[in-house]
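Quick note: numbers below take in every heavy atom, side chains included, and nothing from hydrogens, waters or symmetry partners.
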Amino acid sequence: LAQTFAMDFIPWVLFEEPRNILRAYVAYAHAFADILSVPFLLKTLVSPWKGIAEEMPSIVFWDKFLQAFFVNLVTRMIGMVIRLLAIVLSLVMQILLFAIFLVFFVGWFIFPLIAIGVLAAIFIIV
């Protein structure tokens, strides 16, 4: 039992599972980055929302020109606001994911110490 504990359990607790936790974090971080791609959102920041745009007529027809200009301006502003919100959401998701990873990773090493302390306290009291 002691040999199994030393040869299998200790390396698993100290090396294998922390490596798996780190791999899982990296996979989730990549997935979140793919879902809300900040570089893509920055490239298309001032694009019209959902491609809604009016064709610009000649300036001779100033009323139609102004109408198309303001429709295009509004759709671009809507697109910019939504993309900026998506960028903020992406950054918040990455920060929360890192915080969860950090708590879980540190907790992985702290939990056995807490468990040993609780068991020692139970046996000392009893």
Partner residues of Asn20 under the side-chain contact (heavy atoms from CB on, under 4.5 Å) criterion, sequence neighbours left out: Glu17, Arg23
Interatomic distance, Met80 atom CE to Thr75 atom OG1 [nearest 0.5 angstrom]: 11.0 Å
Interatomic distance, Phe101 atom CZ to Ile21 atom CD1 [nearest 0.5 angstrom]: 7.5 Å
Side-chain hydrophobic cluster, 4.5 Å single linkage: members besides Ile78: Trp49, Val74, Ile82
Side chain to side chain contact (heavy atoms under 4.5 Å, CB included) evaluation trace for Trp12 with Asp8: CA-CA 6 Å; Trp12 177 76; Asp8 293 334; over 6 Å; no
Report all side-chain donor-acceptor pairs from residues 54-65 shorter than 3.5 Å, counting only partners two or more places apart or in another chain.
residue : atom : partner : partner atom : Å
Ser58   : OG   : Val60   : N            : 3.3

Verify same cluster id: Leu85, Ile95 (apolar side-chain graph, 4.5 Å): no
Other cluster members, Val92 - Ile/Leu/Val/Met/Phe/Trp/Tyr, side-chain contacts below 4.5 Å: Val88, Leu96
List the atom pairs, with distances to 0.1 Å, where a side-chain N or O of residues 31-44 and a protein N or O form a donor-acceptor pair under 3.5 Å, not counting sequence neighbours.
residue : atom : partner : partner atom : Å
Ser37   : OG   : Phe40   : N            : 3.4
Thr44   : OG1  : Phe40   : O            : 3.0
Thr44   : OG1  : Arg83   : NE           : 3.3

Cluster link Met77 to Phe69, ILVMFWY, side chain under 4.5 Å: yes
Hphob cluster co-occupancy, Val13 + Leu22, side-chain heavy atoms under 4.5 angstrom: yes
Co-membership, hydrophobic cluster, residues Tyr28 and Phe98, 4.5 Å side-chain: yes
Test side-chain contact (heavy atoms from CB on, under 4.5 Å) applied to Pro18 - qualifying residues, sequence neighbours left out: Phe105, Trp108, Phe109
Test side-chain contact (heavy atoms from CB on, under 4.5 Å) applied to Ala29 - qualifying residues, sequence neighbours left out: Tyr25, Gln94, Leu97
Side-chain donor-acceptor distances from residues 113-124 under 3.5 Å, at least two apart:
none

